[in-house]
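Reckoned from all heavy atoms, side chains included, excluding hydrogens, waters and symmetry mates.
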Amino acid sequence: MPQRKGCSVFNEPCFVAKKFLARPQHEGVGAVVRRSIGRFELKYFDPFLMLDEFSVTAPAGFPDHPHRGFETVTYMLQGAITHEDFEGHKGTIEAGDLQWMTAGRGIVHSEMPVAQGTQKGLQLWINLASKHKMIEPRYQEVLSKDIAEAEDDGVKVRVIAGESLGIKSPIYTMTPTMFLDFSLKPGGHLQQPIPETWNAFVYILEGEGIFGNMKSQPSNSHHILLLGHGDGLEAWNKSSKLLRFILVGGEPLGEPLVQFGPFVMNTQEEIDQTINDFENFANGFEKARDWRSEKEMN
């Protein structure tokens with residue numbers, strides 16, 4: 001549980017090991033994303049495969065596409081996205097809502113905007129251990145009103161996964177993961193423990209903050225900060241405006257990785273088999289043969 005100012009609970013605070021700006025790029029059909037993990041500067045940050053801050057305005061979106069071998073975490077910041085898959089699962093993810101999808105052996109789905117204006121959110125891809133890559137797909141969905149929140153001394157947290165300020169998320173993470181959405185008022189100071197063996201990063205959504213060391217240069221929105229070795233993060237808001245960022249950490253898998261677009265396995269042979277399965281509607285992709293999303297059919 002984070003302690004207050006002047007009472008450090010860390011044996012070895014995490015400092016910022018690397019930092020860069022996530023620049024806009026086009027993805028899907030007409031969508032714009034700021035990709036921080038999964039681009040040339042940072043192909044993989046075990047166990048994290050990709051982090052996108054996306055911005056979508058109809059008719060743009062992410063039409064029918066497959067996944068295998070990992071999890072997708074969609075966290076909406078503004079507007080709404082409708083989700084539909086070949087298992088008949090469908091629903092709408094609105095601002096503040098969370099969808100934690102374990103693709104496992106195979107999912108084909110679409111993610112398209114439903115509201116007017118621009119829809120914004122985050123999508124994080126988390127790798128699965130080899131023993132879990134071919135499990136049955138599953139969903140965990142939490143409405144904004146049901147996400148655990150706590151506030152203390154100028155620090156507010158929404159606990160998407162893991163634990164902070166004494167509260168826990170009900171989300172089960174196949175790969176051990178923490179996902180925390182922090183807001184620090186001006187003058188706010190955070191101390192958040194992180195398991196020492198995990199990889200962790202900060203992605204800034206709004207405002208400007210100081211991370212790792214009070215003497216560090218401030219970092220502002222759309223920057224990703226990779227944290228070095230340690231057992232906790234300190235952050236300060238020395239500005240006059242709200243600071244909002246996510247802190248994400250996960251236990252590294254330490255396994256071989258071979259990725260072909262939306263397929264992530266351990267060997268090239270497994271990727272070849274996955275492509276064969278998808279093209280021949282087999283081994284988890286059977287229902288893809290006759291399925292099209294409502295958006296695709298209209």
Start with the C-alpha gap between Thr57 and Thr118, add the side-chain angles, then the distance that decides, and say whether side-chain hydrogen bond (donor to acceptor under 3.5 Å, both in side chains) holds.
CA-CA 5 Å; Thr57 304; Thr118 301; 3.0 Å; yes
Within a strict 4.5 Å, meaning less than it, do heavy atoms of the Lys168 and Val159 side chains meet?
no
Nearest 0.5 Å, please: how far is CD1 in Ile93 from CD in Gln123?
8.5 Å
Go through the steps for Phe245 and Phe211 under the test ring-ring contact (aromatic ring centres under 6.0 Å, His included), then give the verdict.
CA-CA 11 Å; Phe245 62 92; Phe211 297 88; 5.0 Å; yes
Backbone of Gly104 reached by a side-chain donor or acceptor of Thr102 within 3.5 Å
no
Side chains of His109 and Glu84: do they bring a donor and an acceptor to under 3.5 Å?
no
Before you tell me yes or no, could you show the steps for Arg158 and Ser183 under side-chain hydrogen bond (donor to acceptor under 3.5 Å, both in side chains), namely the whole-Å CA-CA distance, both residues' side-chain angles and the distance that decides it to 0.1 Å?
CA-CA 9 Å; Arg158 307 189 85 220; Ser183 297; over 6 Å; no
Give, for atom CD of Glu53 and atom OG of Ser36, the distance between the pair rounded to the nearest 0.5 Å.
8.5 Å
Say whether Leu190 and Leu180 are linked into one hydrophobic cluster, either directly or through other cluster members, by side-chain heavy-atom distances under 4.5 angstrom.
yes
Could you check whether any side-chain N or O of Glu270 sits under 3.5 Å from a backbone N or O of Thr267, counting only pairs where one atom can act as donor and the other as acceptor?
yes
So if you build clusters from Ile, Leu, Val, Met, Phe, Trp, Tyr with side-chain heavy-atom gaps below 4.5 Å, do Phe15 and Ile204 land together?
no
Quick one: are Val264 and Leu49 in side-chain contact, heavy atoms under 4.5 Å?
yes
If we check ring pair (Phe, Tyr, Trp, His ring centres under 6.0 Å) with His67, which of these qualifies: Phe263, Phe278, Trp125?
Trp125
So Tyr75 and Asp97, side-chain hydrogen bond (donor to acceptor under 3.5 Å, both in side chains) or not? Walk me through it.
CA-CA 6 Å; Tyr75 182 44; Asp97 292 351; over 6 Å; no
Would you kindly confirm whether Ile194 and Leu184 end up in one hydrophobic cluster when ILVMFWY residues are joined by side chain heavy atoms under 4.5 Å apart?
yes
Would you say the side-chain atoms of Trp100 and Glu141 include a donor-acceptor pair closer than 3.5 Å?
no
Please test His89 against Tyr139 for ring-ring contact (aromatic ring centres under 6.0 Å, His included), starting from the C-alpha separation and ending with a verdict.
CA-CA 9 Å; His89 182 278; Tyr139 291 90; 3.9 Å; yes
Look only at the side chain of Thr175 and the backbone of Asn127, and say whether a donor-acceptor pair between them is shorter than 3.5 Å.
yes
Pairs involving residues 28-50, ordered by first then second residue, that meet ring-ring contact (aromatic ring centres under 6.0 Å, His included) (sequence neighbours left out):
Phe48-Phe201
Same cluster (ILVMFWY, side-chain, under 4.5 Å), Leu257 and Ile37:
no
Not counting sequence neighbours, list each pair that qualifies as a side-chain hydrogen bond (donor to acceptor under 3.5 Å, both in side chains) and has a residue in residues 207-219.
Lys19-Ser219
Backbone N or O of Lys156 within a donor-acceptor pair of the Asp152 side chain at under 3.5 Å?
no
Decide yes or no on side-chain hydrogen bond (donor to acceptor under 3.5 Å, both in side chains) for Gln99 and Gln140, but give the supporting numbers first.
CA-CA 6 Å; Gln99 182 194 76; Gln140 299 175 85; over 6 Å; no
Is it the case that one hydrophobic cluster holds both Val33 and Met50, taking links as side-chain heavy atoms less than 4.5 Å apart, direct or via other members?
no
Does any N or O in the side chain of Glu255 come within less than 3.5 Å of the main-chain N or O of Ser130, such that one atom is a donor and the other an acceptor?
yes
What are the two closest non-hydrogen atoms of Ala31 and Ala60, and how far apart are they?
N-CB, 3.9 Å
